[in-house]
Amino acid sequence: GQRYCPHCLGSDARPYLRRRWRIAAISACLRHQVVLLDQCPDCASSLMPHRTALGLARCWRCEAKLALAPASPAHPGALAYSRLANAALDQGWVSLESHTFHYSPLFFVMLRQLTRVIASGGRSQRLRDQLRQEAEVSSQPFDLSGRNAIEFLDAAETHRLHALAW
């Protein structure tokens with residue numbers, strides 16, 4: 001679903017959704033260094049700004065203030081992952097170690113394939129167990145429920161996947 005940073009919504013004179021929050025490769029707010037959210041903290045409904053006249057600062061279902069939602073600190077690996085994705089969007093290219101992706105869409109294809117292997121590959125559990133030692137996050141399987149698309153993971157699971165991938 002649509003992701004948001006409660007701190008950004010709270011600090012905006014007129015709250016608005018950032019386009020980058022829609023991109024699957026971004027799971028953390030770089031400004032506030034917190035995990036992006038995708039649900040109301042009170043009723044757990046998805047963010048649906050088109051269903052309310054209350055504006056983006058409130059939940060469409062229960063009218064809770066989204067800016068008051070508790071936000072967890074971003075994992076350093078997932079924050080670096082989001083920073084790299086943002087750089088690719090800003091520059092149109094990205095350097096990763098000794099490799100330069102001159103065309104950022106190719107970089108995003110590579111990131112998607114990497115995260116798919118970690119989340120759903122045939123030997124993904126052993127890979128996650130190995131990565132968990134460095135990332136210090138859970139290596140539990142990801143619930144793709146037959147969809148086999150990482151874009152359907154919720155915000156917290158996407159963040160965990162990015163921490164493992166980094």
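Atom set for the values below is all heavy atoms of this structure, side chains included, hydrogens, waters and symmetry mates excluded.
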Review item, side-chain donor-acceptor pairs of residues 133-140, under 3.5 Å, at least two apart:
| residue | atom | partner | partner atom | Å |
| --- | --- | --- | --- | --- |
| S138 | OG | Q140 | N | 3.1 |
| S139 | OG | D129 | OD1 | 2.7 |

R3 side chain to I26 backbone, donor-acceptor under 3.5 Å: yes

S104 side-chain N/O to L89 backbone N/O, donor-acceptor pair under 3.5 Å: no

Listed partners of R58 passing side chain to side chain contact (heavy atoms under 4.5 Å, CB included), at least two apart: L54, K65

Under the side chain to side chain contact (heavy atoms under 4.5 Å, CB included) test, residues paired with L127 that sit two or more places apart: V117, I118, L131

Linked, directly or transitively: L106 and V94 (ILVMFWY side chains, under 4.5 Å): no

Common cluster, I23/M110, ILVMFWY with side-chain heavy-atom separation under 4.5 Å: yes

From CG (L66) to CG (L56), nearest 0.5 Å: 8.5 Å

Inter- and intrachain pairs under ring pair (Phe, Tyr, Trp, His ring centres under 6.0 Å), touching residues 10-30, at least two apart: none

Ring pair (Phe, Tyr, Trp, His ring centres under 6.0 Å) contacts touching residues 63-97 (sequence neighbours left out): Y81-H162

Evaluation steps, side-chain contact (heavy atoms from CB on, under 4.5 Å), between S45 and C62: CA-CA 9 Å; S45 68; C62 72; over 6 Å; no

Over-ring placement of R160 relative to F142, 6.0 Å and 45° cut-offs: yes

Stepwise side-chain contact (heavy atoms from CB on, under 4.5 Å) check, L79 with R83: CA-CA 6 Å; L79 196 57; R83 192 172 289 118; 3.7 Å; yes

Quick one: side chains of residues 29-40, donor-acceptor pairs under 3.5 Å with protein atoms, not counting sequence neighbours, listed by atom name and distance.
| residue | atom | partner | partner atom | Å |
| --- | --- | --- | --- | --- |
| D38 | OD2 | A155 | N | 2.9 |

